[in-house]
Engineer: 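Please read through the structure below; I'll follow up with questions.
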Amino acid sequence: MTPYRAKQLQHREEAILDTAHALLGTRGYDMMTMDDVAAGVGIAKGSLYKHFDSKEELATAAMIRLLHRTVLTLESFPDTLSAGQKLTALLTWALRERLAGGVPHLPSSSPSLEEFLLTNEKYLTAVFALNAAVMVLIDQAKADGTMREDLPTDFIMTTIYARTCDPTLDRLKRSGTYSGEEIVKHMVSACLGGLVGQTIGAR
């Protein structure tokens with residue numbers, strides 16, 4: 001294969017992933033079809049299958065790329081930011097991605113996709129890499145007193161991830177009551193700052 005042909009195929013694959021990412025964000029996995037993706041890219045469905053054998057493989061590739069982008073985004077934050085500030089910046093970035101039609105970081109809205117992802121080694125490797133980086137920041141924030149020490153680290157991490165697929169964002173966006181930045185600000189503040197100023201126990 002010539003370098004030009006290889007570069008052409010790479011560009012087309014990126015376009016396929018971009019389209020899948022947008023469709024997963026707006027329609028969800030179950031409603032997205034390979035016909036939709038092919039039409040969005042402007043190619044025949046047969047050409048699409050030359051890159052990805054199935055919808056599951058395509059969605060998995062889109063999720064892996066999102067995880068890699070998330071790690072790169074986290075690594076791009078300056079060292080002058082504290083651990084808590086980096087976590088705030090990361091959640092802010094993820095919510096802005098959602099507002100722009102991006103994919104939630106937790107694919108829990110589709111059990112069939114989630115089941116497929118949990119058997120994919122590349123996806124699991126990417127998840128573990130992101131989890132490790134986020135948990136280090138949470139532990140650092142606990143150590144410097146900017147995050148609650150009584151909550152388990154993995155619980156805090158999952159709570160942060162869960163905000164990226166929180167339907168509150170979609171409802172507030174549809175209402176038109178708040179701007180996109182106001183929605184992000186309120187959701188980040190509620191997640192990382194809390195709704196009340198004291199520890200509340202289960203009753």
Side-chain angles (χ1 to χ4, degrees), residues 17-32 36-37 40 59 62-78 80-111 113-114 117 126-127 130-131 133-138 140-142 144 146-148 151-200 202:
L17 288 171
D18 287 341
T19 301
H21 181 91
L23 289 171
L24 286 168
T26 55
R27 296 189 184 183
Y29 174 75
D30 292 330
M31 295 298 293
M32 182 186 81
D36 293 331
V37 177
M63 292 300 299
I64 291 171
R65 190 178 69 158
L66 172 63
L67 291 169
H68 288 163
R69 284 184 58 226
T70 305
V71 171
L72 289 174
T73 298
L74 187 55
E75 291 174 346
S76 73
F77 296 149
T80 52
L81 295 182
S82 68
Q85 288 171 329
K86 288 182 179 180
L87 290 169
T88 299
L90 185 65
L91 179 56
T92 299
W93 171 81
L95 289 173
R96 285 172 177 163
E97 288 280 301
R98 273 289 315 284
L99 278 172
V103 184
H105 278 65
L106 288 180
S108 56
S109 59
S110 174
L113 174 59
E114 188 171 25
L117 289 172
V127 168
L130 177 59
N131 287 356
V134 171
M135 286 194 290
V136 165
L137 290 178
I138 293 171
Q140 289 176 350
K142 284 184 176 183
D144 65 28
T146 57
M147 190 156 284
R148 286 174 53 177
L151 293 175
T153 296
D154 61 340
F155 173 81
I156 295 174
M157 177 187 68
T158 304
T159 299
I160 293 172
Y161 290 169
R163 296 289 68 75
T164 72
C165 55
D166 191 334
T168 299
L169 182 146
D170 301 302
R171 290 171 182 168
L172 291 177
K173 184 179 178 180
R174 286 195 299 268
S175 76
T177 305
Y178 304 99
S179 69
E181 283 304 303
E182 287 174 329
I183 293 172
V184 171
K185 178 182 176 182
H186 295 330
M187 290 187 67
V188 170
S189 178
C191 177
L192 298 177
L195 296 174
V196 293
Q198 59 186 11
T199 303
I200 301 295

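Treat the numbers as computed from the prediction; the structure is a model and nothing was measured. We use all heavy atoms of the structure for the numbers below, so side chains are in, but hydrogens, waters and symmetry mates are not.
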Engineer: For residues 63-77, pull every pair meeting salt bridge (Lys or Arg N to Asp or Glu O under 4.0 Å), keeping only residues two or more places apart or in separate chains.
Structural biologist: Glu14-Arg65, Asp18-Arg65, Arg69-Glu97
Engineer: What closest approach, in Å, do Ala83 and Ala141 show between heavy atoms, and which atom pair accounts for it?
Structural biologist: CB-N, 3.8 Å
Engineer: Return the set of residues passing side-chain hydrogen bond (donor to acceptor under 3.5 Å, both in side chains) with Thr92 (not counting sequence neighbours), or none when no residue passes.
Structural biologist: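 Partners of Thr92 under the side-chain hydrogen bond (donor to acceptor under 3.5 Å, both in side chains) test: none.
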Engineer: Does any N or O in the side chain of Thr19 come within less than 3.5 Å of the main-chain N or O of Val37, such that one atom is a donor and the other an acceptor?
Structural biologist: no
Engineer: Anything under 3.5 Å between a donor and an acceptor, one on a side chain of residues 181-191, the other on a protein residue two or more places apart or in another chain? List them.
Structural biologist:
| unit_1 | atom_1 | unit_2 | atom_2 | d |
| --- | --- | --- | --- | --- |
| Glu181 | OE1 | Arg96 | NE | 3.4 |
| Glu181 | OE1 | Arg96 | NH2 | 2.8 |
| Glu181 | OE2 | Arg96 | NE | 3.0 |
| Glu182 | OE1 | Ser179 | N | 2.8 |
| Glu182 | OE1 | Ser179 | OG | 3.4 |

Engineer: Minimum heavy-atom separation for His21 to Gly102, with atom names?
Structural biologist: NE2-CA, 3.3 Å
Engineer: Suppose we screen for salt bridge (charged side-chain N to carboxylate O under 4.0 Å, His left out). Which residues come up paired with Arg27, at least two apart in sequence or across chains?
Structural biologist: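 By the salt bridge (charged side-chain N to carboxylate O under 4.0 Å, His left out) rule, Arg27 matches Asp36.
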Engineer: Would you say the side chain of Leu137 lies within less than 4.5 Å of the side chain of Leu74, judging by non-hydrogen atoms?
Structural biologist: yes
Engineer: If every non-hydrogen atom of Pro152 is compared with every non-hydrogen atom of Lys142, which pair is closest and at what distance?
Structural biologist: C-NZ, 3.7 Å
Engineer: Kindly write out the residues that satisfy side-chain hydrogen bond (donor to acceptor under 3.5 Å, both in side chains) with Asp170, not counting sequence neighbours, or none if the list is empty.
Structural biologist: Arg98
Engineer: Taking the side chain as every heavy atom from C-beta outward, state whether Leu192 and Ile160 have any pair of such atoms under 4.5 Å apart.
Structural biologist: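 They are in side-chain contact.
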Engineer: For Ala89, what residues pass the side-chain contact (heavy atoms from CB on, under 4.5 Å) criterion, not counting sequence neighbours?
Structural biologist: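 Partners of Ala89 by the side-chain contact (heavy atoms from CB on, under 4.5 Å) criterion, ordered by chain and then number, come out as Phe77.
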Engineer: Are any side-chain N or O atoms of Thr158 and backbone N or O atoms of Phe155, one a donor and one an acceptor, separated by less than 3.5 Å?
Structural biologist: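 Not at all, since once roles are kept as given, no pair shorter than 3.5 Å links the two residues.
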Engineer: With sequence neighbours excluded, what pairs up with Gln85 under the side-chain hydrogen bond (donor to acceptor under 3.5 Å, both in side chains) test?
Structural biologist: Ser82
Engineer: List the residues meeting salt bridge (charged side-chain N to carboxylate O under 4.0 Å, His left out) with Arg163, not counting sequence neighbours, and say none if there are none.
Structural biologist: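 Asp166.
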Engineer: Quick one: side-chain hydrogen bond (donor to acceptor under 3.5 Å, both in side chains) partners of Thr177, sequence neighbours excluded?
Structural biologist: Ser175
Engineer: Return the minimal non-hydrogen interatomic distance between Leu99 and Lys173, and the atom names on each side.
Structural biologist: O-NZ, 2.8 Å
Engineer: Who passes salt bridge (charged side-chain N to carboxylate O under 4.0 Å, His left out) against Lys86, sequence neighbours left out?
Structural biologist: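 Salt bridge (charged side-chain N to carboxylate O under 4.0 Å, His left out) list for Lys86, sorted by chain: Asp79.
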